[in-house]
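One-based numbering, in listed order, for ligands and for the atoms of each. The figures that follow rest on heavy atoms only: side chains count, while hydrogens, waters and symmetry mates do not.
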Amino acid sequence: MLYKPYGRTGKDVSVIGFGGMRFDNPQDIDANAEIVLHAHSKGINYFDTAPLYCADKSEEIMGAALKQLKRDEFYVSTKSNKAAGSLLRAELERSLQRLNVDYIDFYHIWCIVRPEAWGERLEGGAVDAALKAKDEGLIKHLAVSSHLQGDQIREILAEGTLEGVTLGYSAINFPYRQAAIDAAGEMGLGVITMNPLGGGLIPNNAETFDFIRGEADESVVAAALRFNISRAPVTSALVGFTTTDHIDQACAAVENFEPYGPGHIAPVQERIVEAFDGLCTGCGYCMPCPEGIPVPKFMDSYNQMLLSGGKTGPLMVRMRWHWEISGDQAGVCTRCGACVERCTQHLNICDRLEEIDGIYAAELEKDKQQAETKQD
Ligand code: SF4
Ligand code: SF4
């Protein structure tokens, strides 16, 4: 296993981290704890979890595993999405208890998905409460976890309160987040990436993404992981493991790995942009929209439908659970054309928004009819 320094914290973190958001059958605490321990035996030392993950069982699973290890053999990361300081404190205390630890190594101000959300955490006292807990030794390092656009995350990092950032970053959406990765590198902060496999899109569309493989990459999964951790500022890529086989494959992908140089990354990046004809790359150049429509979030959700062969389910899941946007917002587009003019991929954004609005309305109608059938 390779290890990289997490910013200036003095901690060396495995380049593959354990993302505790995908445990199968989370009620089976012991079986899943064994998977966590297997990861540790392979050299993984960064374990990421959160309240609510996996039917709210992820922290318990991690705790059951971590209590079997010496405290200096791992780093644990968890999060709070509360704006009020008192609520963050209560959540932190519960996390400490569930994880069976006296302190959290990396604690995250979590779910910054709207630009206003960071201000709400400051005003509500969550950030101050976390800093106080850090003074008390209950948190070692404070970070932020965000799905915002790269330049918006960069503004948060520039405030100087945080020691690291966790953000989604993959061969699909790198243009959307690159500004944050670069800024974190310049500021000497740790960077943990989520969804390095594009939320499953890369392995599920292996042929489409085959061109990202370098000579030494035996699979597109290995290439996607290496694409991620080759970026100098990226400390570790989180993978949501469900089996020990997945762990072995990911660890093999970084065995004796030499980071890709610019000679590999630059042409791959160009090819990604070319190959994604019809796909949104998340670059964000289409913004702002005068109607306040978060165009990149809708277009990213539309990607999920395209890559799944036209299924509406992945589109709806992405909107609801990843971006927390409502499909009817797509319907307020006035077709002014400003975003279309700026779109680097020349996507017909207006037609796609109209389609999303229609799909959303149809799904709502379906839900309503199902509810009525149940009542009958
Ligand atoms: S075309 Fe629609 S989505 Fe694009 S900027 Fe105009 S109102 Fe916003
Ligand atoms: S819609 Fe176009 S400009 Fe906007 S993020 Fe996607 S690719 Fe970039």
Would [X] and [Y] pass as an ion pair if we require N to O under 4.0 Å?
X      : Y      : answer
Lys79  : Asp48  : yes
Glu163 : Lys11  : no
Glu354 : Arg335 : yes

So which protein N/O/S atoms does atom 6 (Fe) of ligand 1 have within less than 2.8 Å? Cys336 SG
Distance only, no hydrogens: is a donor on one side chain within 3.5 Å (strictly under) of an acceptor on the other, for Asp328 and Ser326?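 There is such a pair between these side chains.
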Indicate whether any N or O donor in one side chain lies under 3.5 Å from an N or O acceptor in the other, for Trp118 and Glu155.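 No, Glu155 and Trp118 have no side-chain donor paired with an acceptor closer than 3.5 Å.
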Taking only heavy atoms of Val295 into account, list the atoms of ligand 1 that are under 4.0 Å away from them.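 Counting from 1, the qualifying ligand atoms are 3 (S).
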N/O donor-acceptor pair under 3.5 Å between Lys4 side chain and Val234 backbone: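 Looks like yes, one N/O pair under 3.5 Å.
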Examine distances only and state if a side-chain atom of Asp105 and a backbone atom of Tyr46 form a donor-acceptor pair shorter than 3.5 Å. no
Side chain, backbone, both or neither: Leu353 near ligand 1, heavy atoms under 4.0 Å: side chain
For residues Met287 and Pro294, report the shortest heavy-atom separation together with the two atoms involved.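 Answer, listing the atom of Met287 first, then Pro294: CE-CA, 4.0 Å.
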Using 2.8 Å as a strict upper limit, say whether an N, O or S atom of Cys286 approaches atom 6 (Fe) of ligand 2 that closely.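 No - counting backbone and side chain alike, Cys286 has no N, O or S atom under 2.8 Å.
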Going by the order shown, which atoms of ligand 2 are within less than 4.0 Å of some heavy atom of Met299?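 Listed by number with element: 1 (S).
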